[in-house]
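Structure first, commentary second.
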Amino acid sequence: MRQDYRLLVLDLDGTLTNSKKEISPRNLRTLLHLQQNGVRLVLASGRPTYGIAPLAEQLKMKEYGGYILSYNGGEIIDWRNNELLYKNLLPDGVLPLLYQTATDNGQTILTYDNEFILTENPDNPYVQKEAFLNKMQVRHINHFLQEVPRPLPKCLIVGEPEQLIKTEIELSLRLQTQISVYRSEPYFLELVPLGIDKARSLAVLLKKLNMTCEEMIAIGDGYNDLSMIKYAGVGIAMGNAQEPVKAAADYIAPSNDEDGVAQAIERYFSLIFHPQRHIFTENL
């Protein structure tokens, strides 16, 4: 097993954080030690940047020089100096169709503005779930199309999983050459710029860092992690991951409630965490 991995990419919900949406003490200790030994972290999530920032701060990524991939890779930020390295935006022309489709199907559309989630239906339980995940406030607006700031990096349509399937199919067919449409959770339908996924954005970052994908390990659990797990030198699925994600992975770690991230890191960065074992082996 090679020991020269230089970049570790982590999904957040269902991967880095446990069921309480917290970084466990063991995961935190392990990730700080990893960075102290020169490995850089990337937090890659469908969350907006504001929703990722508290975890980046907890992991001291400003100090160690980590990166944030927000909006599923729509933006790349050098967290050490807050420099925006890469940005993609939705075409304005699709917004009326997104809004009308959600409304016609009895669902709610939302977007983001700094620390706020903007929506016409702030009490919707799935809107509240998104607010909880990102530690953001919900701001009620009366007219979505008139009041949201443009252009937008992402919209989210939320609703009952069975009904959201219809919306996903409809928008995927009608907008297949204009935006990307996928579900990050059964009740969350992501609407992002065309072709945006974690692997494509990581390719941009790797080029800037003069690294190859073989020097990168990626860990995730959801469908939107599939591309980066296939792309990385080592792709790791959590024990709680979707089955297609597990099937694509090189290794399946324990679940996010069993410190799976820490256990995977200790396995693949064993020279850092178990140096005596390697010294002993070399002397045999």
Quiz item: Just checking, any donor-acceptor pair under 3.5 angstrom between side chains of Asn134 and Tyr112?
Solution: no
Quiz item: What distance separates Lys207 NZ from Leu202 CG, expressed to the nearest 0.5 Å?
Solution: 15.0 Å
Quiz prompt | Sidechain N-carboxylate O distance under 4.0 Å for Arg6, Glu214 | solution = no
Quiz prompt | Distance-only donor-acceptor check, side chains Ser255 and Asn240, under 3.5 Å | solution = no
Quiz item: Does atom NZ of Lys21 have more than 12 heavy-atom neighbours from other groups under 6.0 Å away?
Solution: yes
Practice problem: Determine the interplanar angle of the Tyr187 and Tyr126 rings, folded into 0 to 90°, and report it as parallel if under 30°, tilted if 30 to 60°, perpendicular if over 60°. | Solution: parallel
Quiz prompt | Glu147/Arg139 under salt bridge (Lys or Arg N to Asp or Glu O under 4.0 Å): CA gap, chis, key distance, verdict | solution = CA-CA 11 Å; Glu147 296 180 50; Arg139 174 179 284 174; over 6 Å; no
Quiz prompt | Short side-chain donor-acceptor distance under 3.5 Å, Asn124 and Lys129 | solution = no
Quiz item: Hey, mind stepping through Asp257 and Lys20 against salt bridge (Lys or Arg N to Asp or Glu O under 4.0 Å) and telling me if it holds?
Solution: CA-CA 9 Å; Asp257 284 324; Lys20 297 179 181 177; over 6 Å; no
Quiz item: Does the pair Gln36 and Tyr64 meet the rule for a side-chain hydrogen bond (donor to acceptor under 3.5 Å, both in side chains), with working shown?
Solution: CA-CA 7 Å; Gln36 288 161 6; Tyr64 295 113; 3.3 Å; yes
Exercise. Decide whether Tyr223 and Asp225 meet the rule of one side-chain donor and one side-chain acceptor closer than 3.5 Å.
Key: no
Quiz prompt | Verify same cluster id: Val158, Val94 (apolar side-chain graph, 4.5 Å) | solution = no
Quiz item: Would one find more than 12 heavy atoms of other residues, nucleotides or ligands at under 6.0 Å from atom NZ of Lys62?
Solution: yes
Quiz item: Cut-off 3.5 Å, side chains only: do Glu22 and Thr17 have a donor facing an acceptor?
Solution: no
Practice problem: State, to 0.1 Å, how close Met238 and Ile252 come at their nearest heavy-atom pair, and which atoms those are. | Solution: O-CG2, 4.0 Å
Quiz item: Do Thr15 and Asp221 meet the criterion of a side-chain donor-acceptor pair at a distance under 3.5 Å?
Solution: yes
Practice problem: Check the surroundings of atom CZ in Arg174: do more than 12 heavy atoms from other residues, nucleotides or ligands lie under 6.0 Å from it? | Solution: no
Exercise. Identify the heavy atoms of Leu194 and Ile179 that sit nearest to each other, and give their distance.
Key: CD1-O, 3.5 Å
Quiz item: Under 6.0 Å from the NZ atom of Lys246, do we count more than 12 heavy atoms belonging to anything else shown?
Solution: yes
Quiz item: Going from CD on Gln58 to CG on Leu31, what distance comes out if it is rounded to the nearest 0.5 angstrom?
Solution: 10.0 Å
Quiz prompt | Parallel, tilted or perpendicular: ring planes of Tyr5 versus Phe269, cut at 30 and 60 degrees | solution = perpendicular
Quiz item: What is the minimum heavy-atom distance between Val192 and Leu90, and which atoms define it?
Solution: C-CD2, 3.4 Å
Quiz item: If you measure from the Lys or Arg side-chain nitrogens to the Asp or Glu carboxylate oxygens, is any gap between Asp11 and Lys198 under 4.0 Å?
Solution: yes
Quiz item: Hey, are Asn72 and Asn224 close enough side-chain-wise for a donor-acceptor pair under 3.5 Å?
Solution: yes
Quiz item: Can you check whether His143's main-chain N or O pairs, donor with acceptor, with Gln146's side chain at less than 3.5 Å?
Solution: no
Quiz item: Closest approach of Thr49 and Ser70, non-hydrogen atoms and distance?
Solution: OG1-OG, 2.8 Å
Practice problem: Inspect the contact between Asp78 and Lys208 and indicate whether a charged nitrogen and a carboxylate oxygen are less than 4.0 angstrom apart. | Solution: no
Quiz item: Relative to Phe132, does Lys135 satisfy both conditions: NZ or CZ under 6.0 angstrom from the six-membered ring centre, and within 45 degrees of the ring's axis?
Solution: yes
Quiz item: Under 6.0 Å between ring centres, would you say that holds for Tyr251 and Tyr268?
Solution: yes
Quiz item: So, does Thr30 use its side chain to make a donor-acceptor pair with the main chain of Gln263 at under 3.5 Å?
Solution: no
Exercise. Identify whether the distance between the nearest side-chain nitrogen and carboxylate oxygen of Arg183 and Glu168 falls below 4.0 Å.
Key: yes
Quiz item: Any luck finding a side-chain donor-acceptor pair between Thr108 and Glu120 under 3.5 Å?
Solution: no
Self-check item: Heavy-atom closest pair, residues Ile229 and Val245
Solution: CD1-CG1, 3.4 Å
Quiz item: Quick check: are there more than 12 heavy atoms from other residues, nucleotides or ligands sitting under 6.0 Å from CG of Asn210?
Solution: no
